[in-house]
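Okay, structure first, notes after.
Here, residue 1 is the first one in the sequence, and each next residue gets the next number. All ligand and atom numbering here is 1-based and tracks the order in the structure. Model, not experiment: these values are computed from the prediction.
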Amino acid sequence: MLHDTVDRANIEEMVHEFYTIILKDELVGPVFVKTLGPNLHGGKWYEHLNTLYNFWILMMTGKTGYGGHPYPPHAFIGPLTPEMFERWLVLFHEVVHRLYVPEIADKFYTKANMLANQFMDNLGLFDEDDDD
Ligand code: HEM
């Protein structure tokens, strides 16, 4: 049954499911393997998953817990490409729609899409923002 509310338990389920899939993806998986290791039970992932639970709780409910800055790490883990962001978003879309009712899944996706665009903008990945 699809979740029709957002709570910590189902956010943990979603994040776990998403990064299990992400790690196996041939385009974006290697970036995560390189930075955090090859499986979700490894030491660095423990901390990262916890950060992501708190991040999504803040995004979706406004409850504090995540006090970080989501963009900075992305400036150093790459090079990231627009195709990688596109793949990340496709996989995220699939997972949130598999777990949540459409209205909630769309809210997750809208937030992720907004952040992805912000990150790409910061990374200078939009052609129309060229030089002059
Ligand atoms: C190509 C797409 C992406 C890749 C390959 C990627 C990869 C990563 C990696 C490897 C880290 C861990 C960095 C570290 O601990 O040193 C990270 C952190 C993070 N990512 Fe992404 N990411 C991508 C897109 C996104 C998007 C679209 C979002 C927003 C929904 C996002 C949200 C975050 C957050 C919140 C953190 C934790 C930042 C912190 O430590 O406070 N990422 N990402």
Side-chain angles (χ1 to χ4, degrees):
M1 220 187 11
L2 297 174
H3 299 299
D4 59 3
T5 55
V6 177
D7 59 29
R8 182 163 180 110
N10 61 45
I11 281 188
E12 288 187 9
E13 179 189 0
M14 183 280 282
V15 167
H16 211 269
E17 189 115 328
F18 178 56
Y19 287 94
T20 301
I21 290 166
I22 274 267
L23 265 180
K24 293 195 201 120
D25 184 79
E26 84 257 350
L27 184 61
V28 287
V31 180
F32 289 90
V33 171
K34 187 179 77 176
T35 317
L36 300 164
N39 85 74
L40 293 188
H41 301 291
K44 287 191 190 168
W45 274 104
Y46 179 81
E47 200 180 319
H48 184 53
L49 291 173
N50 210 45
T51 302
L52 292 167
Y53 303 150
N54 290 331
F55 169 77
W56 281 112
I57 286 166
L58 176 68
M59 288 292 118
M60 295 299 288
T61 71
K63 285 195 191 120
T64 51
Y66 179 76
H69 299 283
Y71 171 67
H74 300 87
F76 305 106
I77 56 176
L80 301 181
T81 63
E83 291 73 27
M84 288 175 170
F85 279 99
E86 194 137 322
R87 177 70 59 83
W88 190 107
L89 286 169
V90 166
L91 297 177
F92 189 77
H93 190 272
E94 274 172 28
V95 169
V96 289
H97 277 276
R98 182 139 40 79
L99 294 180
Y100 291 94
V101 295
E103 190 192 326
I104 294 179
D106 285 341
K107 186 173 168 189
F108 270 106
Y109 186 76
T110 300
K111 303 262 178 193
N113 192 38
M114 203 178 69
L115 263 290
N117 279 299
Q118 222 168 287
F119 291 0
M120 282 193 279
D121 196 13
N122 293 347
L123 289 168
L125 297 179
F126 288 126
D127 289 344
E128 62 271 24
D129 285 345
D130 269 356
D131 305 345
D132 42 32

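Side chain of W88 to backbone of V28: no donor-acceptor contact under 3.5 angstrom is found. With hydrogens and angles disregarded, no donor-acceptor distance shorter than 3.5 Å links the side chain of H16 to the backbone of E13.
Considering both main-chain and side-chain atoms, T51 never comes within under 3.5 Å of ligand 1 through any nitrogen or oxygen pair. For a threshold of 3.5 Å applied to N or O pairs, the pair formed by W56 and ligand 1 contains no separation below that value.
Across the listed options K111, H69, H74, H74 owns the non-hydrogen atom lying nearest to atom 17 (C) of ligand 1.
For the pair L115 and P70, the tightest heavy-atom approach, listed with the atom from each and the gap, is CD1-CG, 4.2 Å. Summarising the geometry of E83 relative to L27, their closest heavy-atom pair is O-CD2, 3.6 Å, with the distance given to 0.1 Å.
Near M84, with a cut-off below 4.0 Å to any heavy atom, the atoms of ligand 1 are 1 (C). Using a 4.0 Å cut-off to heavy atoms of L52, the atoms of ligand 1 that qualify are 34 (C), 35 (C). Contact atoms of ligand 1 toward L80: 5 (C) (distance under 4.0 Å to a heavy atom of the residue).
Among all protein heavy atoms, the one lying closest to atom 4 (C) of ligand 1 is F32 CZ, 3.7 Å. Considering only non-hydrogen protein atoms, atom 16 (O) of ligand 1 sits nearest to T35 CG2, 3.6 Å. If you check which protein heavy atom lies closest to atom 13 (C) of ligand 1, you get P73 CB, 3.6 Å. If you check which protein heavy atom lies closest to atom 2 (C) of ligand 1, you get W88 CD1, 3.4 Å. Counting protein heavy atoms only, atom 31 (C) of ligand 1 is closest to F119 CE2, 3.6 Å. The single protein non-hydrogen atom nearest to atom 11 (C) of ligand 1 is H48 CE1, 3.8 Å, given as residue, atom name and distance. The protein heavy atom nearest to atom 9 (C) of ligand 1 is I77 CD1, 3.6 Å. Closest to atom 15 (O) of ligand 1 among all protein heavy atoms lies L36 CD2, 4.1 Å.
The part of F55 lying near ligand 1 is the side chain, judged by heavy-atom distances below 4.0 Å.
Ligand 1 has at least one atom lying under 4.0 Å from a heavy atom of Y66.
A salt bridge is defined here as a Lys NZ or Arg NE, NH1 or NH2 lying under 4.0 Å from an Asp or Glu carboxylate O, and E103 with K107 fails to meet this definition.
In this structure, the side chains of D25 and R87 come closer than 4.5 Å at one or more pairs of heavy atoms.
Environment of OH in Y46: sparse, with no more than 12 heavy atoms of neighbouring residues, nucleotides or ligands closer than 6.0 Å. Heavy-atom contacts from other residues, nucleotides or ligands closer than 6.0 Å to CD of Q118 number more than 12.
Of the listed residues (F108, Y66, F18, Y19), just one forms a ring-ring contact (aromatic ring centres under 6.0 Å, His included) with W56, and that residue is F108.
Classified by interplanar angle (parallel below 30°, tilted 30° to 60°, perpendicular above 60°), the ring pair Y109/H93 is perpendicular.
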